[in-house]
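Since we're looking at a predicted model, the values are computed, not measured. The basis for the numbers below is simple: all heavy atoms, side chains too, and nothing from hydrogens, waters or symmetry mates.
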Amino acid sequence: DRMCAIARSAGARVIFVKPAANLRDFTPFKSEHGSIGFGEQMRWEDTLRKARKDKREGRPNAAVEGFLAAAKIDPLHAQGLWEAADALCAAKHCDEARQYFARAADEDICPLRATSAIQAAVEDAAGENGVPLVDFPQVLEANMPCPEERRILGDESFLDHVHPTIEGHRLLAWTLFDQLAAWNVVA
């Protein structure tokens, strides 16, 4: 809100960009158990160990079942959520995988990627201030070389956890250029 007020007072315009992040190919930085007891932690670890074994040994449905069971035991452990998402993605349950990848990023104890709350705050601020919003995750997803239902941002769009590839920067630049052209700032 302050940025918009400062820009208005200087006669400048603002464009907000909803931040994007590598959800699919970058695990959480730090995970901690939620408020579960020692016994539940041991049950979670055993369930996760079995799910990992199922994944390694080529049993994707059993792996998904195990990772989801672990996520039910501890729904706040970021790494556990990410592994559930990864298994869901491998089993082509992409809509559900997307939700688990986002939850994993949100529960990361060291959130170096934009959380869902931050993305929502950027969207809200743009709407409340009547400024354009570039939905950068959507821009990147629209340009992924895979079927639409499998578009979950990963290494194809990022150099690491948040820094876009050169192509990603190009896409953002053209999207910003289009907004400037709509304002008749550039031809």
- Task: Would you check, one step at a time, whether the test side chain to side chain contact (heavy atoms under 4.5 Å, CB included) holds for Leu140 with Glu156?
- Result: CA-CA 10 Å; Leu140 291 173; Glu156 74 291 323; over 6 Å; no
- What's the spacing between Ile73 CD1 and Glu40 CD if we round to 0.5 Å? 6.5 Å
- Please confirm whether the backbone N or O of Arg59 pairs with a side-chain atom of Asp54, one donor and one acceptor, at under 3.5 Å? no
- Task: Take atom CD of Glu65 as the centre, draw a 6.0 Å sphere, and report whether it contains more than 12 heavy atoms from other residues, nucleotides or ligands.
- Result: no
- Query: Does the distance from a Lys or Arg side-chain N to an Asp or Glu carboxylate O, for Lys50 and Asp46, drop under 4.0 Å?
  - Reply: yes
- What one should report as the nearest heavy-atom pair of Thr47 and Ala70 is CG2-N, 3.7 Å
- Message: Going by side-chain contact (heavy atoms from CB on, under 4.5 Å), Val17 matches just one of Thr175, Leu176, Leu133, Asp135. Which one?
- Response: Leu176
- Heavy atoms only: give me the nearest Gln79-Pro28 pair and the separation to one decimal. OE1-CD, 3.5 Å
- Item | Rounded distance (nearest 0.5 Å) linking atom CG of Leu112 with atom CG of Asp160 | 10.0 Å
- Note on the structure: Here the gap from Arg103 atom CZ to Asp108 atom CG, rounded to the nearest 0.5 Å, amounts to 14.0 Å
- Task: Can you label the angle between the Phe26 ring and the His161 ring as parallel, tilted or perpendicular, going by 30° and 60°?
- Result: tilted
- May I ask whether Val134 and Leu171 are part of the same hydrophobic cluster, defined by side-chain heavy atoms of I, L, V, M, F, W, Y residues being less than 4.5 angstrom apart, directly or through others? yes
- Going by heavy atoms in the side chains, are Arg13 and Val131 under 4.5 Å from each other? no
- Are Leu48 and Trp82 grouped together when hydrophobic residues (ILVMFWY) are joined by side-chain heavy atoms under 4.5 angstrom apart? no
- Message: How close do Arg113 and Asn22 get, counting heavy atoms only, and between which atoms?
- Response: NH1-O, 2.8 Å
- Message: Tell me whether Phe158 shares a hydrophobic cluster with Ile166, the cluster being built from Ile, Leu, Val, Met, Phe, Trp, Tyr side chains joined at under 4.5 Å.
- Response: no
- Are side-chain N/O atoms of Asp106 and Ser116 paired as donor and acceptor at under 3.5 Å? yes
- Item | Shortest non-hydrogen contact from Ser157 toward Met144 | OG-CG, 4.4 Å
- Tightest non-hydrogen contact, residues Trp44 and Gly80, listed as CZ2-CA, 4.0 Å
- For side chain to side chain contact (heavy atoms under 4.5 Å, CB included), just list the numbers for Thr27 and Asp86, CA-CA rounded to whole Å, side-chain angles, deciding distance to a tenth of an Å, and then say yes or no. CA-CA 10 Å; Thr27 61; Asp86 188 51; over 6 Å; no
- Could you please spell out the steps behind the side chain to side chain contact (heavy atoms under 4.5 Å, CB included) verdict for Arg52 and Lys55? CA-CA 5 Å; Arg52 287 173 178 158; Lys55 184 178 178 184; 5.6 Å; no
- Any side-chain heavy atom of Glu141 sitting closer than 4.5 Å to one from Ile152? no
- Item | Met42-Phe67 co-clustered via ILVMFWY side chain contacts under 4.5 Å | no
- Message: Does the structure place the NZ or CZ of Arg98 under 6.0 Å from the centre of the six-membered ring of Phe101, at an angle of no more than 45° from the ring's axis?
- Response: no
- Return yes if some donor-acceptor pair links the side-chain N/O of His93 with the main-chain N/O of Cys89 below 3.5 Å, else return no. no
- Query: Is there a side chain to side chain contact (heavy atoms under 4.5 Å, CB included) between Arg24 and Leu153 once you walk through the steps?
  - Reply: CA-CA 6 Å; Arg24 189 185 72 243; Leu153 296 176; 5.9 Å; no
- To the nearest 0.5 Å, how far apart are CG in Asp74 and CG in Leu81? 8.0 Å
- Minimum-distance pair of heavy atoms, taken over all atoms of Val14 and Pro132: O-CD, 3.4 Å
- Common cluster, Phe177/Ile15, ILVMFWY with side-chain heavy-atom separation under 4.5 Å: yes
- Check whether any side-chain heavy atom of Phe16 sits under 4.5 Å from a side-chain heavy atom of Cys4, and report yes or no. yes
- Task: Could you label the plane-to-plane angle of the His33 and His77 rings as parallel, tilted or perpendicular, counting under 30° as parallel and over 60° as perpendicular?
- Result: tilted
- Message: For Asn129 and Asp1, which I'm curious about, is there any donor-acceptor pair between the side chains at under 3.5 Å?
- Response: yes
- Counting only heavy atoms not in Glu123, do more than 12 fall under 6.0 Å of its CD? yes
- Item | Check: Glu107 and Pro75 side chains under 4.5 Å, non-hydrogen atoms | no
- Task: Rounded to the nearest 0.5 Å, what's the gap from OG on Ser31 to CG on Leu76? Could you check?
- Result: 11.0 Å
- Message: Just so I know, are the side chains of Val122 and Pro19 near enough to count as touching, which here means a heavy-atom distance under 4.5 Å?
- Response: yes
